[in-house]
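Structure, as structure tokens:
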Amino acid sequence: MIKVLFFGPVAERVGTNELKVEFHAGMRVQDLRAQLQAQHPAAFEIVCFVAVNGEHTLDMSAALTDNSEVVFMSKFSGG
Amino acid sequence: MIKVLFFGPVAERVGTNELKVEFHAGMRVQDLRAQLQAQHPAAFEIVCFVAVNGEHTLDMSAALTDNSEVVFMSKFSGG
Amino acid sequence: MADNNKNAVRIQHEDFSQDEEIKALQASSKRMGGIATFLGCARDFSEGRDVSEISFDAYGSMALSEMNKLRAEAITKFGLLDARLVHRIGTVKGGENIVFIAAGAEHRAPALEACHWLIDELKQRVPIWKKEITPQGDSWVTPHP
Amino acid sequence: MADNNKNAVRIQHEDFSQDEEIKALQASSKRMGGIATFLGCARDFSEGRDVSEISFDAYGSMALSEMNKLRAEAITKFGLLDARLVHRIGTVKGGENIVFIAAGAEHRAPALEACHWLIDELKQRVPIWKKEITPQGDSWVTPHP
């Protein structure tokens with residue numbers, strides 16, 4: 001399973017803070033993103049950043065491992 | 001009379017915080033400076049700024065008026 | 001020395017005292033001649049609307065780890081003696097404190113530059129989101145580019 | 001509004017509280033989103049020597065008038081909501097506070113820039129002199145260019 005988290009405005013548009021997605025061998029960040037984007041298009045309009053296991057990730061073709069924590073995030077507005 | 005004040009390292013080199021100097025008609029800042037510099041050469045080595053009546057003055061040829069307060073100052077080191 | 005202080009980076013609901021933060025910063029070195037701070041606070045008025053309070057959501061574990069990285073980077077990059085970063089989450093009323101940055105160095109220039117860099121980077125890198133609660137309704141803040 | 005506060009610029013022997021200064025600054029406007037401060041403190045160690053305390057001499061009337069001018073200039077130049085400047089004189093021990101600058105604005109950039117400008121200008125323009133008292137003797141500080 002991949003644990004997917006949402007925060008702030010993205011969570012509001014998805015309607016939840018957390019989803020579980022079935023892991024499959026060879027799954028890449030972009031595969032997960034495409035699958036979720038199809039289900040929650042309005043939320044993904046504002047997604048700018050992805051974190052995998054708590055680290056900023058720019059490489060959308062990076063392979064995921066089972067039990068990863070992936071977060072799709074809109075622009076930050078802290079401070 | 002012109003009231004002449006000294007502070008910090010200049011006062012230490014002059015040996016006092018205050019001197020009175022006789023005013024004479026037409027007296028300019030540079031006249032006062034030359035007179036005091038002759039008496040206190042070590043102090044004037046470190047003088048960088050002059051204030052007349054509490055304002056920075058760059059014009060050494062400015063005329064003084066009687067009862068002015070003139071301060072010969074070394075570089076500031078506050079803050 | 002600068003790494004002994006486990007409370008130098010925090011995300012918390014409670015308010016904080018600047019005097020206490022500064023005292024803790026100063027305790028890290030006797031050579032500290034300049035301390036620059038930035039305090040971000042909740043305004044009562046933003047983009048032409050009254051704002052009664054602000055609520056924060058955060059990806060807490062990553063936010064804390066990014067703030068720790070920022071502190072370490074700033075210490076190295078600017079040669080600081082120490083730095084502290086505190087961010088509040090939960091709900092903050094108008095006029096209240098949100099974020100506090102303090103940078104201490106032997107001289108003033110690195111402290112001032114590091115403080116400016118830290119708040120700019122924090123806003124870019126730390127996963128925290130702000131929602132303004134107004135009499136007309138709530139809205140997530142869209143940061144200016 | 002910003003000029004109502006008669007205590008915003010001070011030269012004093014006593015120490016000050018940053019929390020109180022910040023609270024006074026914040027009281028001047030509900031629109032203040034960013035507050036930048038600079039605190040200069042006495043180091044125990046300077047130019048390779050132990051320093052036990054620092055004593056200050058000041059041309060008090062001119063120093064106060066220059067600090068008031070700096071505050072007014074900064075408010076205009078950077079569009080600040082308010083600013084405060086406090087400088088201690090007399091004798092200050094190692095680790096103690098010397099000077100405090102606070103600049104408040106709607107947003108962070110002008111607050112941070114004004115704070116940096118204010119401490120740089122204060123050092124250039126305000127007639128105050130610092131003497132370091134060390135176990136090896138006293139000496140007036142020669143500022144670096």
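Note: hydrogens, waters and symmetry copies are ignored here, and every other heavy atom, side chains too, is used.
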Do Trp129(C) and Ser74(A) have side chains that get closer than 4.5 Å, going by heavy atoms? yes

Assess whether atom CD of Glu20(C) is packed by more than 12 heavy atoms of other residues, nucleotides or ligands within 6.0 Å. no

In sequence, state the C-alpha distance, the side-chain angles, and the governing distance for Glu69(A) and Met62(C), and then conclude on side-chain contact (heavy atoms from CB on, under 4.5 Å). CA-CA 11 Å; Glu69(A) 179 177 284; Met62(C) 183 180 169; over 6 Å; no

Just wondering, more than 12 heavy atoms not from Lys69(C) lying within 6.0 Å of its NZ? yes

Nearest 0.5 Å, what's the NE2-CZ distance between His56(A) and Arg125(C)? 7.5 Å

Name the member of Ser55(C), Gly40(C), Ala58(C) that forms the most heavy-atom pairs with chain A at distances under 4.5 Å. Ala58(C)

Could you list all the salt bridge (charged side-chain N to carboxylate O under 4.0 Å, His left out) pairs where at least one residue sits in residues 92-101 of chain C, not counting sequence neighbours? Glu53(C)-Lys93(C), Arg88(C)-Glu96(C)

Taking NZ in Lys131(C) as the centre, count heavy atoms belonging to other residues, nucleotides or ligands within less than 6.0 Å. Is the count above 12? yes

Taken to the nearest 0.5 Å, the spacing of Glu66(C) CD from Glu55(A) CD works out to 7.0 Å

Lys130(C) side chain vs Gly79(A) backbone, donor-acceptor pair below 3.5 Å: yes

Value for NZ (Lys123(C)) from CZ (Phe76(A)), rounded to nearest 0.5 Å, stands at 13.0 Å

Does any N or O in the side chain of Trp140(C) come within less than 3.5 Å of the main-chain N or O of Glu12(A), such that one atom is a donor and the other an acceptor? no

Only residue of Phe7(A), Phe72(A), Phe49(A) satisfying ring pair (Phe, Tyr, Trp, His ring centres under 6.0 Å) with Tyr59(C) is Phe7(A)

Please determine, among Leu122(C), Val126(C), Ile119(C), the option with the most heavy-atom pairs under 4.5 Å with chain A. Val126(C)

